[in-house]
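Before any comments, here is the structure.
Proteins get letters first, then strands, A, B, ... in listed order; numbering begins at 1 in each. Because the structure is predicted, anything quoted here is derived from the model rather than measured. Computation of the quantities below employed the complete heavy-atom set of this structure, encompassing side-chain atoms and omitting hydrogens, waters and symmetry-equivalent molecules.
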Protein chains: 2
Amino acid sequence: MRATIKDVARISGVSTATVSRVLNQLGGYGPEVATKVLAVAKAIGYRRNDSAVSLVKQATRTIGIVMPTVTTSFYAQIINGIEDSAYQAGYSVILTHAGSSNIRLLESLNFMVERRVEGIIGVSINLNQTDLTQIKALAVPLLLLSAQAPDDQLPYVKVDDYQAAYAATRFLIKQGHQRIALAGVDPSDLVAGQPRIAGYEAALTAAQLRPDRNLIFTGDYTFAAGQQAMQAIIARPEVAPTAVFAVSDETALGVISICYQAGIEIPRELSVLGYDNSAIAAMATPALSTVAQPFYQMGQIAAQKMITSLQTKTVITSELVPFKLIQRGTVAVPRSN
Amino acid sequence: MRATIKDVARISGVSTATVSRVLNQLGGYGPEVATKVLAVAKAIGYRRNDSAVSLVKQATRTIGIVMPTVTTSFYAQIINGIEDSAYQAGYSVILTHAGSSNIRLLESLNFMVERRVEGIIGVSINLNQTDLTQIKALAVPLLLLSAQAPDDQLPYVKVDDYQAAYAATRFLIKQGHQRIALAGVDPSDLVAGQPRIAGYEAALTAAQLRPDRNLIFTGDYTFAAGQQAMQAIIARPEVAPTAVFAVSDETALGVISICYQAGIEIPRELSVLGYDNSAIAAMATPALSTVAQPFYQMGQIAAQKMITSLQTKTVITSELVPFKLIQRGTVAVPRSN
DNA sequence: GCTTTTTACGTAAACGTTTACCTTAATTGT
DNA sequence: ACAATTAAGGTAAACGTTTACGTAAAAAGC
């Protein structure tokens with residue numbers, strides 16, 4: 001068994017209260033006692049037991065992360081951001097997956113409540129009203145990252161998908177594109193799907209271009225979705241876009257992979273724009289132009305917001321973080337111009 | 001404040017012991033008491049406090065993950081594997097970064113010991129002898145994942161880098177390649193660097209090909225390392241390999257990106273083989289041939305080994321997991337053949 | 001030199017559980 | 001019908017800390 005504060009006290013010849021005071025530097029002890037206690041603690045390898053501390057202090061200094069079981073590449077960046085901020089503030093982070101399609105979500109949240117996390121950051125989780133009422137019953141602060149609850153019932157940190165899609169589409173138009181496809185989007189997705197469609201269409205309309213539903217290729221943000229979209233584009237020469245705005249970098253790579261197989265040269269024959277700026281974007285050939293989400297910073301911001309809210313006992317406010325258009329090698333002016 | 005077992009007991013009109021028995025289904029109570037207690041617990045939103053349980057049971061059912069602050073794309077797969085296994089066994093996982101180049105390593109480990117994790121899985125961390133003695137002093141089980149300690153002083157789960165590099169090189173030779181470069185490797189890295197160099201050279205020697213140190217381009221496994229290696233290859237036409245074995249997928253993409261810029265066609269003019277089979281390998285154009293490490297399974301195996309060792313109180317044994325050569329689109333027979 | 005303040009500790013309760021041990025009543029066996 | 005067993009539930013200690021409160025001695029103030 002591991003040494004306890006009592007062992008340190010006994011060997012040092014003082015009370016546990018004094019040991020605690022020395023260890024936490026609270027004052028109220030003499031210098032020779034302090035050195036003695038410290039020496040003994042080190043000698044017997046004493047480490048304090050956070051379970052006991054949490055119990056008496058009624059605070060665990062732990063925040064939880066809940067994510068769907070995905071392996072998209074920005075996963076790491078988000079977690080890094082959260083963990084770095086948490087660590088700096090002396091908080092631990094405990095991690096749980098919600099399973100694919102949130103199957104394990106409430107179970108996971110329960111788990112965390114029993115661990116007495118002080119707050120939870122839910123990454124990319126879609127909530128319906130039933131979920132929300134159950135979450136409220138849990139009585140634990142929940143902050144959404146890259147997600148949004150119906151009627152904004154929960155605070156969030158995310159980019160403004162409408163604005164980002166608008167800016168991205170506008171950028172393609174300014175390059176001279178008129179027939180711009182939107183690929184891989186899920187129109188039933190209220191948080192990332194519909195706003196991006198709306199932004200895309202608004203930018204077209206603002207430029208006097210008529211949005212064409214035949215240019216929207218639905219999907220689930222994956223590589224495969226991009227492949228399917230591009231195959232559909234090739235199969236229907238009558239639509240013939242000069243640019244495709246993919247709804248994620250992975251989707252963009254999917255369309256690029258089909259283009260490669262079909263001998264369509266990028267960006268000469270077709271421009272492709274991604275979304276996310278995940279690590280793979282810079283490493284693709286040609287390097288992928290994309291709209292960047294600052295994942296690491298989003299993680300940091302989320303953790304900071306959560307922790308300061310915890311410490312100041314104020315409510316967490318939502319925050320829209322800035323996106324950025326990153327021009328690399330997959331967008332050019334269309335050939336016809 | 002959250003409801004406690006005492007609240008449940010008081011409202012139900014029984015003792016806390018009985019509540020505990022009901023909640024944990026230990027028997028020794030009547031059916032009507034049970035339903036009453038359960039109803040009360042639910043009504044007041046009682047959740048048990050794991051800090052208290054951990055304290056009295058002297059077990060936290062938590063394992064820790066320590067990783068360097070990297071954003072390589074297999075990060076997610078490893079964590080998913082660990083978390084899934086842990087979750088199934090009723091364990092929580094708490095996550096900490098060791099910082100770049102392990103700057104925060106011992107601090108992180110200490111953190112975890114204070115949290116009383118029952119075991120720690122260290123992912124991709126390189127340990128020197130000083131680290132090791134300090135870790136031993138921590139007296140907590142540590143299992144290495146994709147890493148190895150000097151003199152095998154700690155158990156590990158990893159692929160056999162020597163064999164994998166040997167098989168990969170042999171594969172390239174069988175395709176007809178005779179001048180094969182090795183790119184991005186760190187020769188001072190005892191765990192992933194030297195064994196891969198050795199396997200690479202052994203395969204060459206076994207095929208009566210003389211290893212040539214000029215064909216080894218050192219680096220740090222990154223995308224940039226691959227770019228530098230390929231630039232060096234182009235700058236020195238006298239070495240002119242027909243294939244390059246990159247020491248990671250990212251490095252492979254680095255060499256591919258330079259080839260693209262230089263107009264070198266892959267795989268017609270140059271074959272490229274990666275290492276890892278991270279998500280990006282399948283999404284690259286052309287799709288990257290690579291030696292696959294089963295990251296998700298490695299995570300699972302590590303967690304399972306740790307947990308069964310904890311439960312059976314046996315030592316953790318090391319395990320070499322199988323690699324696999326995945327042939328996609330970046331390796332072909334050399335032109336000269 | 002006496003009171004007052006400060007310093008340096010010790011005592012013990014509290015945090016929320018689990019569980020060994022005890023007690024009472026009901027059930028069983030004969 | 002009575003002893004023996006079992007079932008149902010209570011009591012209280014224990015886990016490892018922190019911290020309010022108490023106390024004795026030393027220091028300071030006059």
Side-chain angles (χ1 to χ4, degrees), chain A residues 1-38 40-41 44-62 90 92 110-111 113-118 139, chain B residues 1-38 40-41 44-62 90 92 110-111 113-118 139:
Chain A
M1 282 294 99
R2 213 168 264 278
T4 76
I5 204 175
K6 292 182 189 170
D7 300 320
V8 179
R10 185 169 33 78
I11 299 175
S12 310
V14 297
S15 73
T16 62
T18 298
V19 175
S20 177
R21 282 189 278 252
V22 171
L23 261 22
N24 295 297
Q25 305 184 60
L26 295 177
Y29 49 82
E32 49 304 318
V33 167
T35 49
K36 173 80 177 177
V37 166
L38 259 15
V40 170
I44 66 176
Y46 168 79
R47 323 265 161 188
R48 94 197 141 107
N49 184 328
D50 270 330
S51 296
V53 177
S54 295
L55 191 55
V56 57
K57 287 229 182 144
Q58 297 280 64
T60 54
R61 292 185 82 78
T62 301
S92 298
N110 240 304
F111 214 66
V113 173
E114 293 186 350
R115 294 284 181 193
R116 289 295 187 277
V117 298
E118 300 184 14
Chain B
M1 280 294 100
R2 214 168 265 279
T4 76
I5 204 175
K6 291 181 190 172
D7 299 320
V8 179
R10 186 169 33 77
I11 299 174
S12 310
V14 298
S15 73
T16 62
T18 297
V19 175
S20 177
R21 283 189 279 251
V22 171
L23 260 22
N24 295 297
Q25 304 183 58
L26 295 177
Y29 50 82
E32 49 303 323
V33 168
T35 48
K36 172 80 177 178
V37 166
L38 260 13
V40 170
I44 64 176
Y46 168 79
R47 320 268 160 185
R48 97 195 136 108
N49 184 328
D50 269 329
S51 295
V53 177
S54 295
L55 191 56
V56 56
K57 288 233 183 138
Q58 298 279 65
T60 54
R61 292 186 82 79
T62 300
S92 299
N110 240 304
F111 214 65
V113 173
E114 293 185 350
R115 293 284 181 193
R116 289 294 188 276
V117 299
E118 300 184 13

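One atom, CZ of A:R116, and another, C1' of C:dC15, lie 12 Å apart when rounded to the nearest Å. Straight-line distance from the CG atom of A:L55 to the P atom of C:dA13: 17 Å, rounded to whole Å. Here the P atom of nucleotide D:dT17 and the CZ atom of A:R61 are 17 Å apart, to the nearest Å. A straight line from CD1 of B:I5 to P of D:dT11 spans 15 Å, rounded to a whole angstrom. Atom CZ of B:R48 and atom C1' of C:dG16 are 12 Å apart (whole Å). Rounded to an integer number of Å, the gap from B:K57 NZ to C:dT18 P is 6 Å. Rounded to a whole Å, the CD atom of B:Q58 is 6 Å from the C1' atom of D:dC15. Rounded to a whole Å, the CG atom of A:L23 is 11 Å from the C1' atom of D:dT17.
A rotation axis mapping the C1' atoms of four pairs onto the next four is fitted at both ends of the helix from C:dG1-D:dC30 to C:dT30-D:dA1 over five pairs, and the angle between these axes is 30° to 10 degrees.
Judged by the 6.0 Å and 45° rule, A:R48 forms no cation-pi pair with A:Y46.
A salt bridge between B:E114 and A:R47 is absent, with no side-chain N of the basic residue lying under 4.0 Å from a carboxylate O of the acidic one.
Side chain of A:R61 to backbone of A:D50: no donor-acceptor contact under 3.5 angstrom is found. Looking only at distances, no side-chain donor or acceptor of B:S12 sits under 3.5 Å from a matching main-chain atom of B:V14. Under the 3.5 Å distance criterion, the side-chain polar atoms of B:T60 are matched with a main-chain donor or acceptor of B:R116.
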For nucleotides 7-11 of chain C, tabulate all protein N/O to nucleotide N/O atom pairs closer than 3.5 Å, reporting atom names and distance.
{"residue": "C:dC9", "atom": "OP2", "partner": "A:G30", "partner atom": "N", "Å": "2.2"}
{"residue": "C:dG10", "atom": "OP1", "partner": "A:S15", "partner atom": "N", "Å": "3.4"}
{"residue": "C:dG10", "atom": "OP2", "partner": "A:S15", "partner atom": "N", "Å": "2.6"}
{"residue": "C:dG10", "atom": "OP2", "partner": "A:S15", "partner atom": "OG", "Å": "2.8"}
{"residue": "C:dG10", "atom": "OP2", "partner": "A:T18", "partner atom": "OG1", "Å": "2.7"}
{"residue": "C:dG10", "atom": "N7", "partner": "A:R21", "partner atom": "NH2", "Å": "2.8"}
{"residue": "C:dG10", "atom": "O6", "partner": "A:R21", "partner atom": "NH1", "Å": "3.1"}
{"residue": "C:dG10", "atom": "O6", "partner": "A:R21", "partner atom": "NH2", "Å": "3.4"}

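Phosphate proximity of C:dT18 to B:S20: present, with a side-chain N or O under 4.0 Å from OP1 or OP2. Applying the 4.0 Å criterion to OP1 and OP2 of D:dT18, one finds that A:N24 has a side-chain N or O inside that range.
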Identify all side-chain donor-acceptor contacts of residues 19-30 of chain B below 3.5 Å with residues at least two apart in sequence or on another chain.
{"residue": "B:S20", "atom": "OG", "partner": "B:N24", "partner atom": "ND2", "Å": "3.4"}
{"residue": "B:N24", "atom": "ND2", "partner": "B:S20", "partner atom": "O", "Å": "2.9"}

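Both A:R2 and A:L26 lie near DNA chain D, and the one whose nearest nucleotide falls closer to the 5' end is A:R2.
A:T62 places a side-chain heavy atom less than 4.5 Å from the side chain of B:R115.
Shortest non-hydrogen contact noted between B:K36 and B:I11 is CE-O, 4.2 Å.
Taking OG1 of B:T4 as the start and CD1 of B:I44 as the end, the distance is 7.5 Å to the nearest 0.5 Å.
Between D:dT17, D:dT18, C:dT19, one nucleotide has an atom nearer to the side chain of A:Y46 than all others, and that is D:dT17.
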